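I have placed the structure first, in the form of structure tokens, so that the comments after it can refer back to it.
Values in this document were obtained by computation on a predicted structure and should not be read as measured data. Throughout, a chain's letter reflects where its sequence line sits, starting with A, and its residues are numbered from 1. Basis for what follows: all heavy atoms, side chains included, without hydrogens, waters or symmetry-related copies.
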Amino acid sequence: MLHIVNKSPSERNTLDSCLRMSGKGSAVLLIEDGVYGATKGNIAEGKIKEALKDRSVYALWPDLEARGMQDAVIEGVKLVDYGGFVDLVAEHNNAQSWL
Amino acid sequence: MTETTGGVELDEEMSGVIKKFMFVNRKAPYGTIYALEGLEVVLISAAFDQDVSLVFLDDGIYQLVKGQHTKAIDVKNFSPTYRALEGYDIEKLYVEKESLEARNLTVDNLIVPVEVLTSAEMAALMTEQDVVISF
Amino acid sequence: MSFELNGKTYETDEEGYLINLSEWNEDVAKYLAAEEKVDLSDNHWEVINFLREYYNDYQIAPAVRVLTKAIGKKLGPEKGSSKYLYELFPYGPAKQACKIAGLPKPTGCI
């Protein structure tokens, strides 16, 4: 399953809930303000690192770059462009866009 | 019997297959329109005879709290409508244990019977859905 | 839109549904029924009263399928059929009966 999060972890608990409710082997894609969750030193860094042990975490490169956060990405987080976003949706059996 | 609509044959996808739909509610009832809109979508979905589950997480649990009185804020109290879901054959209501406990609530505080799942059980249930829609 | 009855003005939406549910009374029902060309019998009133109770309990107007099932449970299986309800309200039990009962249009009524 693919989980998509577009809210900053310092503003909302969306990423928190998503990480709590995403099972082993699932994928989490951070987009829009969600990409702040993929950066070093952010409030959710510990939880992202924990999640990386048994699931994949992706961040949308254009959103990272737009926010000037492209050099602060947590190790292990994979970067995708829009084409990669489409591939992720296509290769998972279902997806949830968290609000 | 083959049904046709305007020359287009209705394939199995359109007529027979039942999909698993999950609606995830994460917002408190009156601060935003999400809760009410979500409930309306759920009621409409009942017309399509699909396998529907409703999940309440985080502040979404506040939608189900007993004793809501909205007269003074001049907004419709839609909490009784959750009790109508049974009549719409929507009987799979789940609440996350962690969210419930974090709000000092128990199932006795809720206006409808629900099944309480841990976040791990909830994760498993989400994974097996065909469609997951968030409100 | 609006209509006048016994010197009082009642607001309705563009499809003729009463805006303010609390303004409903039996005279309003009779007026709305006449507009729909429905002659109100005891059987009609039974359904109208059922709908008002349902709305009072659940704050929504039921979908036809739900209404049929619930009527069958409450008033007996011979009345819990869409045939029976359509005979009473030819343009749709939910749509027409709800309008006469002063309820909003049922959610999910397409």
Side-chain angles (χ1 to χ4, degrees), chain B residues 5 10 14-15 18 21 23 25 29-30 33-52 54 62-93 110-114 133 135, chain C residues 11-13 15 17-24 46-77 79-82 84-86 91-99 101-110:
Chain B
T5 46
L10 282 176
M14 289 179 72
S15 55
I18 294 178
F21 278 76
F23 295 95
N25 298 283
Y30 304 107
I33 195 71
Y34 286 100
L36 178 56
E37 294 280 316
L39 181 56
E40 296 213 329
V41 170
V42 167
L43 290 170
I44 291 165
S45 79
F48 297 95
D49 290 323
Q50 300 294 305
D51 181 357
V52 173
L54 250 66
Y62 288 134
Q63 294 174 26
L64 301 179
V65 169
K66 278 180 191 164
Q68 298 176 35
H69 298 283
T70 58
K71 208 170 176 152
I73 61 167
D74 200 21
V75 171
K76 179 169 150 170
N77 173 9
F78 55 87
S79 65
T81 307
Y82 294 100
R83 290 194 287 106
L85 291 173
E86 197 191 352
Y88 281 73
D89 295 324
I90 295 172
E91 289 164 321
K92 296 179 181 173
L93 275 63
L110 308 180
I111 52 167
V112 279
V114 296
I133 299 171
F135 286 100
Chain C
E11 300 288 324
T12 67
D13 69 7
E15 292 176 272
Y17 288 82
L18 208 59
I19 298 278
N20 191 346
L21 277 53
S22 62
E23 288 179 344
W24 184 92
E46 207 171 45
V47 175
I48 290 167
N49 289 329
F50 180 89
L51 278 170
R52 292 204 51 92
E53 252 174 66
Y54 187 95
Y55 190 86
N56 196 39
D57 285 347
Y58 301 122
Q59 299 298 303
I60 47 165
V64 183
R65 184 173 59 89
V66 178
L67 173 68
T68 314
K69 206 169 72 177
I71 290 252
K73 221 186 246 177
K74 174 122 195 246
L75 304 176
K79 293 183 176 175
S81 75
S82 50
Y84 173 77
L85 293 169
Y86 268 93
Y91 285 93
K95 269 187 191 170
Q96 222 170 17
C98 283
K99 189 186 279 184
L103 270 45
K105 197 174 168 179
T107 301
C109 205
I110 306 159

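At most 12 non-hydrogen atoms from other residues, nucleotides or ligands lie less than 6.0 angstrom from CD of B/Glu86. Around OH of C/Tyr84, the count of heavy atoms belonging to other residues, nucleotides or ligands within 6.0 Å exceeds 12.
What you find for B/Tyr88 and C/Ala63 is that their closest heavy atoms are OH-N, 3.0 Å.
Near-neighbour residues of residues 69-82 of chain B relative to chain C, defined by a heavy atom under 4.5 Å from a heavy atom of that chain, comprise B/Lys76, B/Asn77, B/Pro80, B/Thr81.
Using a 4.5 Å heavy-atom threshold, the side chains of B/Asp89 and C/Arg65 count as touching.
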